[in-house]
Amino acid sequence: MQTAETEFRYSLPSTGIERVESVPPEDFRRLYEQPPGKPVIVTRAIESWPARAKWTFEFFRAQYGADVVTVADRLFRAKVTQRVRLGDYLAYCQFPMATPLAQVASEYPLYLTSFSPWSRHPELLDDFADPEFVDNAYRELEGPLRDWYLNGFSWIFIGPAGTLSPLHIDLFGTHAWLAQLQGRKHFLLFPPHDLHRVYDGAVNFYAPDLERHPLLREALPVEAVIEPGEVIFIPGGWAHQVISLSPSISVTVNYVSRSNLASHVMALTRDLPGWADKVSVPDFRRANRMRWIAEGFRYE
């Protein structure tokens with residue numbers, strides 16, 4: 001299990017990521033959002049956020065340490081989960097071998113993922129916003145619909161070095177931005193035309209077995225390390241894997257703009273049962289005056 005500051009490098013050819021200090025919204029849409037998209041790191045996008053200086057391990061411990069949260073050994077397909085006080089978990093993030101959580105057997109360090117505290121602690125929403133270059137259509141929602149969007153499409157990620165988000169594509173064709181507030185993260189991002197070469201992520205990307213996974217030789221991912229104060233943009237449809245290089249706090253938001261609206265609608269259509277599960281919550285139904293009955297529904 002990784003605990004101390006660590007480094008990872010992809011062992012096959014990769015390309016570096018473009019870094020810019022800032023970008024006007026119209027240039028951002030043209031250069032990075034338009035399909036198939038292009039990842040980019042913006043280095044001076046969040047300097048005005050209160051969260052940039054405020055959101056430290058000590059801040060969350062002092063303000064919200066009594067909250068009970070669920071941590072897991074990875075973002076998806078977790079094999080180990082634990083319910084813990086946030087204050088105890090934050091101590092584990094910084095000093096993992098000195099806390100009882102170090103005794104939990106897991107392949108990867110325990111990770112606080114899918115943490116959306118906005119309903120319980122709405123004051124945290126005052127500490128950040130979409131970067132100025134992002135045109136987020138879902139921000140037009142109000143009332144219960146806004147709450148539904150925030151709780152289902154935006155998260156705070158907190159964890160020690162070595163936490164893993166396995167290779168995945170973000171939900172329903174959405175774009176995503178991730179702002180790094182504490183620590184560093186390593187990203188591997190694969191464009192849509194390389195998805196058939198990555199074997200659904202069943203690959204150790206840092207020591208690949210090319211006899212079992214020969215198509216990986218033909219893939220050319222973007223490799224990136226994001227530093228505190230930077231924002232990375234992940235275009236819709238790009239597969240990505242993320243590993244924390246040091247104790248880390250990030251905030252991320254999935255969104256839809258004019259550049260991916262069509263692909264977002266198509267993704268919803270392809271996965272109507274999954275989308276129905278996501279929107280079938282009382283506040284969403286009441287706000288939209290929705291009633292439905294589905295009988296004899298079958299999909300393949």
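Partners of Tyr138 by ring pair (Phe, Tyr, Trp, His ring centres under 6.0 Å), not counting sequence neighbours, listed by chain and number: Tyr149, Phe153, His264. The side-chain hydrogen bond (donor to acceptor under 3.5 Å, both in side chains) check on Arg146 picks up nothing, with sequence neighbours excluded. Every residue two or more places apart in sequence or in another chain that forms a salt bridge (Lys or Arg N to Asp or Glu O under 4.0 Å) with Asp135 is listed here: Arg258. Legend: residues meeting side-chain hydrogen bond (donor to acceptor under 3.5 Å, both in side chains) with Arg270, ordered by chain and number and at least two apart, are absent.
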Item to check | Derivation of the side-chain contact (heavy atoms from CB on, under 4.5 Å) call for Trp55 and Leu124 | outcome: CA-CA 9 Å; Trp55 285 18; Leu124 287 169; 3.8 Å; yes

Item to check | Test side-chain hydrogen bond (donor to acceptor under 3.5 Å, both in side chains) applied to Thr163 and Ser244, step by step | outcome: CA-CA 5 Å; Thr163 53; Ser244 296; 2.8 Å; yes

Checklist entry - How far apart are the C-alpha atoms of Leu181 and Val251, what are their side-chain angles, what is the distance that settles it, and do they pass the side-chain contact (heavy atoms from CB on, under 4.5 Å) test? => result CA-CA 8 Å; Leu181 297 166; Val251 60; 4.3 Å; yes

Checklist entry - Is there a side-chain contact (heavy atoms from CB on, under 4.5 Å) between Phe187 and Val222 once you walk through the steps? => result CA-CA 8 Å; Phe187 282 75; Val222 172; over 6 Å; no

Checklist entry - Which is it for His175 and Tyr32 under the side-chain contact (heavy atoms from CB on, under 4.5 Å) test, yes or no, and what are the steps along the way? => result CA-CA 11 Å; His175 297 316; Tyr32 307 111; over 6 Å; no

Checklist entry - What's the verdict on side-chain hydrogen bond (donor to acceptor under 3.5 Å, both in side chains) for Thr174 and Asn254, showing C-alpha distance, side-chain angles and the deciding distance? => result CA-CA 6 Å; Thr174 53; Asn254 287 85; 3.0 Å; yes

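Rounding to the nearest 0.5 Å gives a distance of 10.5 Å between CD of Glu21 and CD of Glu230. Within the model, atoms OH of Tyr199 and CG of Leu215 stand 3.5 Å from one another, a figure rounded to the nearest 0.5 Å. Atoms CZ and OG, on Phe128 and Ser154 in that order, are 5.5 Å from each other to the nearest 0.5 Å. One finds the CG atom of Leu112 at 13.5 Å from the CD atom of Gln82 (value rounded to the nearest 0.5 Å). In this structure, the separation between OG on Ser116 and CD1 on Ile156 is 8.0 Å, given to the nearest 0.5 Å. In this structure, CZ in Arg19 is found 6.5 Å from CD in Glu227, a value given to the nearest 0.5 Å.
For Phe205 and His186, the distance between ring centers is not under 6.0 angstrom. Residues Tyr111 and Trp155 keep their aromatic ring centres 6.0 Å or farther apart. If you look at Phe28 and Phe233, their ring centroids are closer than 6.0 Å.
The hydrophobic cluster containing Ile169, built from Ile/Leu/Val/Met/Phe/Trp/Tyr side-chain heavy atoms closer than 4.5 Å, also comprises Leu195. Clustering of Ile, Leu, Val, Met, Phe, Trp and Tyr side chains at separations under 4.5 Å leaves Leu220 isolated, with no partner residue.
No more than 12 heavy atoms of other residues, nucleotides or ligands lie within 6.0 Å of CG in Asp200, so this atom counts as exposed by the packing criterion. For Glu132, the CD atom sits in a loose shell: 12 or fewer heavy atoms of surrounding residues, nucleotides or ligands are nearer than 6.0 Å. Counting non-hydrogen atoms of other residues, nucleotides and ligands closer than 6.0 Å to CZ of Phe76 gives a total above 12. In Glu142, the CD atom is not crowded: 12 or fewer heavy atoms of neighbouring residues, nucleotides or ligands sit closer than 6.0 Å.
Taking all atoms of both residues into account, the shortest heavy-atom contact from Ser257 to Glu33 is OG-OE1, 3.0 Å. Annotation for Thr81 and Ala72: closest pair CG2-CB, 3.9 Å, computed over non-hydrogen atoms. Considering every non-hydrogen atom in both Gly162 and Pro109, the closest pair reads O-CD, 3.4 Å. Annotation for Tyr89 and Leu110: closest pair OH-O, 2.7 Å, computed over non-hydrogen atoms. Contact between Cys93 and Pro247 at its shortest, heavy atoms only, is O-CG, 3.6 Å. Residue Ser14 comes nearest to Glu223 through the heavy atom pair OG-OE1, 2.9 Å, listed as atom of the first residue, atom of the second, then distance.
The shortest side-chain heavy-atom distance between Pro24 and Phe133 does not fall under the 4.5 Å cut-off. You'll find the side chain of Leu210 reaches within 4.5 Å of the side chain of Leu12, heavy atoms only. With a 4.5 Å cut-off on side-chain heavy atoms, Gln241 and Ile243 count as touching. Residues Val198 and Leu216 meet the side-chain proximity criterion, which asks for heavy atoms closer than 4.5 Å. The shortest side-chain heavy-atom distance between Val71 and Tyr92 does not fall under the 4.5 Å cut-off. Put simply, the side chain of Glu123 does not reach to within 4.5 Å of the side chain of Gln63, judged on heavy atoms. With contacts defined as side-chain heavy-atom distances shorter than 4.5 Å, the pair Leu75/Pro166 qualifies. In this structure the side chain of Thr56 reaches within 4.5 angstrom of the side chain of Gln182, judged on heavy atoms.
With hydrogens and angles left out, the side-chain atoms of Asp194 and His196 include no donor and acceptor closer than 3.5 Å. Side chains of Ser250 and Gln180: a donor on one and an acceptor on the other come within 3.5 Å.
A continuous path of Ile, Leu, Val, Met, Phe, Trp and Tyr side chains, each step under 4.5 Å between heavy atoms, connects Tyr206 with Val203, placing both in one hydrophobic cluster. Residues Leu125 and Phe115 are members of one and the same hydrophobic cluster, defined by side-chain heavy-atom contacts under 4.5 angstrom among Ile, Leu, Val, Met, Phe, Trp and Tyr. Cluster annotation: Leu261 and Val253 are assigned to the same hydrophobic cluster (Ile/Leu/Val/Met/Phe/Trp/Tyr, side-chain heavy-atom contacts under 4.5 Å, transitive).
The closest donor-acceptor contact from the side chain of Asn204 to the backbone of Ala207 lies under 3.5 Å. Side chain of Thr252 to main chain of Trp177: a donor-acceptor pair is present (N/O by atom type, distance under 3.5 Å, no hydrogens or angles). No side-chain donor-acceptor contact under 3.5 Å links His193 to the backbone of Pro191. A donor-acceptor distance shorter than 3.5 angstrom exists from the side chain of Asn151 to the backbone of Asp147, with no hydrogens or angles considered. A donor-acceptor pair is defined here as one N or O able to donate and one able to accept, closer than 3.5 Å; no such pair exists between the side chain of Asp271 and the backbone of Phe172.
Taking a cutoff of 4.0 Å between a charged side-chain nitrogen and a carboxylate oxygen, Glu7 and Arg184 qualify as a salt bridge.
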